2 protein chains.
Amino acid sequence: MPTIYDVAAACGVAPSTVSRAFSRPGRVNAETAARIRQVAEEMGYRANPLARALPTGKTSLLALVVSDVTNPFYFEIIRGAEQAATEADYTLLVADVHESATAERKALERALPLVEGVVLGTSRMSDSAIRVMAQQRPTVVLNRVLTGIPSVITDNARGARRAVEHLASLEHRNIGYLAGPEASWADGMRWRAMREAAEMLDLRVQRFGPFAPTLTGGGEAAPVIAASNVTAVVAYNDLVAIGLMRGLAALDVRVPRDVSVVGFDNIFGAEICSPALTTVAAPLAALGKYAVQTLLAGMSSRTPPQVRPALLPAELVVRDSTARRARRRRS
Amino acid sequence: MPTIYDVAAACGVAPSTVSRAFSRPGRVNAETAARIRQVAEEMGYRANPLARALPTGKTSLLALVVSDVTNPFYFEIIRGAEQAATEADYTLLVADVHESATAERKALERALPLVEGVVLGTSRMSDSAIRVMAQQRPTVVLNRVLTGIPSVITDNARGARRAVEHLASLEHRNIGYLAGPEASWADGMRWRAMREAAEMLDLRVQRFGPFAPTLTGGGEAAPVIAASNVTAVVAYNDLVAIGLMRGLAALDVRVPRDVSVVGFDNIFGAEICSPALTTVAAPLAALGKYAVQTLLAGMSSRTPPQVRPALLPAELVVRDSTARRARRRRS
DNA sequence: CAAGTCATGGCAACCGATTGCCATCGCCGG
DNA sequence: CCGGCGATGGCAATCGGTTGCCATGACTTG
């Protein structure tokens, strides 16, 4: 690999001039610069990003920390984030932390010195740990609010409201909520919004769980729901909802005939499962993209910007897992 | 951030000694080393990976290039790869190239100087381009064979054979294959193995397509299949198979009653779609893990190892999308 | 006791870029 | 004709580790 020294020698100029020909366009004579670039091109010169990063700190690397890469929730987020990063000439480092707070710390420890900024997808770390992190590197948090730290969140309240309204319009009066992890900020939001919406519409809501935010977790909820008197269920997320539907099917409870089910997030899979899942669609790609853009914005301006969390709209996608309440529950 | 110079000053030794205390355990007096480590610990010293990487080239970074992060095919591969990387104290850089050869080149160009090695998930690049790449950095190719370059592949031939045998045992005599992208190495393998297996069992196979390896691609295949005389279809991959099933459902062709469908890969979604998909399960996590391990092995030994591609077994997972051939096709 | 070996630590070059500061030169206005 | 300014290019320090080589001193061995 040729270096600026090689190019400089070939051009008969100093290395610093070569460097400036690339990074300080106006700083060097136009003709000289053109000649240098020409020669560099011919020699196949590429700047070594490590060498550049050492004195400047500009690695052009951003980290996206996700709790579980195999969770379809992240697919579109990753893609959106990567797109925004690429557009800004950054490379995205996706770190999977396997739902473990310790793995998360280790992954961050490893990646932090390399990256210029961090996007924390639904982190399992404590607020204070995140704040410590945010002092080391510009940070944006996804789907969680920490005062003082920029965050991008889905408008879950609105989504939950839509879901409850939808169920109410189908004459459900008795709704269940399948709770996710206690530590989940989104879970709290969703539950609260549901309760409020239910109160407005004069419905009854019950909380079940917590359950693991996985297919298995949803499956475990099935007997609980089957034994309850709710005619509709809103699940913490799509994975749980799908797991629940499969569990209910195994118990011979039909969806949506006997029980209506609504999920959250609209992940890949919500559409292909059977019955296709009615769900509150989170703007996943936009979430990832906007998070990275916010991060980059915060990195370029010296002043910590954006005090308020950015709220991205959620919409209800009605599919086949919700239906008008049956006259009576099956025995 | 304290540096080795700070630690050295605090200990009254030379920076080189501090460096060796960490990287050359035996090279420095045990007591001195212990003292240095102690002081370093107290000062919160962390080696700067950039500074270390500059002279040594050891970035502890590996790249995994995937054609599309949102393709569920990659989820487990990514996880397996990341696990193997983490175990070896490496960090995995996942690059999404959006199914575009040019984006792939650009992403590689950006990442290559940073990483010590590359795993190419189903690459869209030409063989020669890959060979050029492989000269720059140790490379392992996934699901594709290039002589001279280590590769890890699924035993598609065996999988395809199993699929055909399964269909034969269900009395299907007339089988269709939904082809994937022309450029796909796996597509060629699967089709060839199917033909051979069909010949052995005295079945008839027809090739349809190519179709895009997506849900949409599968949907587009539905009318073609409906109009054909095959009673069973093997699709290029699960995404196509699921798309096909949805398309057939829309045309009122029932699966598996009218047509049996088999996919490839056993992605997330194969299990939750309806009917649950019978598919040739690729050992996805193992594939990713083994690819990284092969890469690391190749990096440590100076000699290019492993001439033969590693063949990982594929198994048929029988679910609900295949059934005994009906007496007659619906009109 | 002399010569050789080993353990230990320091010096300084090096990786490849960036950048503050200085030198040179041409040109301009006074 | 002189002082000053802008344009241009070079020098050398710097980022933070790594490592080849050398110096020192202790210990072993014949």
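Quick caveat: nothing in here was measured; it's all calculated off a predicted structure. Quick note on labels: first sequence line is chain A, next is B, and so on, each numbered from 1. What's counted below: heavy atoms across the whole structure, side chains too, no hydrogens, waters or symmetry copies.
Two rings, from A/Y5 and A/Y45, have their centers 6.0 Å or more apart.
You'll find the side chain of B/L114 reaches within 4.5 Å of the side chain of A/L61, heavy atoms only. The shortest side-chain heavy-atom distance between B/L93 and B/V115 falls under the 4.5 Å cut-off. Counting heavy atoms from C-beta on, the side chains of A/R144 and A/T122 never come closer than 4.5 Å.
In summary, B/K289 and B/E82 do not engage in a salt bridge, as defined by a charged side-chain N under 4.0 Å from a carboxylate O. Ion pairing between A/R137 and A/E116 fails under the 4.0 Å rule for side-chain N and carboxylate O.
What separates CG of B/L114 from C1' of C/dA17 is a distance of 14 Å, to the nearest Å. The NZ-C1' distance, from A/K58 to D/dT14, rounds to 19 Å in whole Å.
Here the options are A/Y74, A/F73, A/F75, A/F268, the test is ring pair (Phe, Tyr, Trp, His ring centres under 6.0 Å), and the partner is B/F75; only A/F75 passes.
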Subject >> Contact state string [nucleotides 15-21 of chain D, B base, S sugar-phosphate only, - no protein heavy atom under 4.0 Å] >> reply: BBBBBBB
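Note that the two end axes of the helix from C/dC1-D/dG30 to C/dG30-D/dC1 enclose an angle of 50°, each drawn from 5 base pairs, rounded to 10 degrees.
To the nearest 0.5 angstrom, B/L108 atom CG is 9.5 Å from B/Q136 atom CD.
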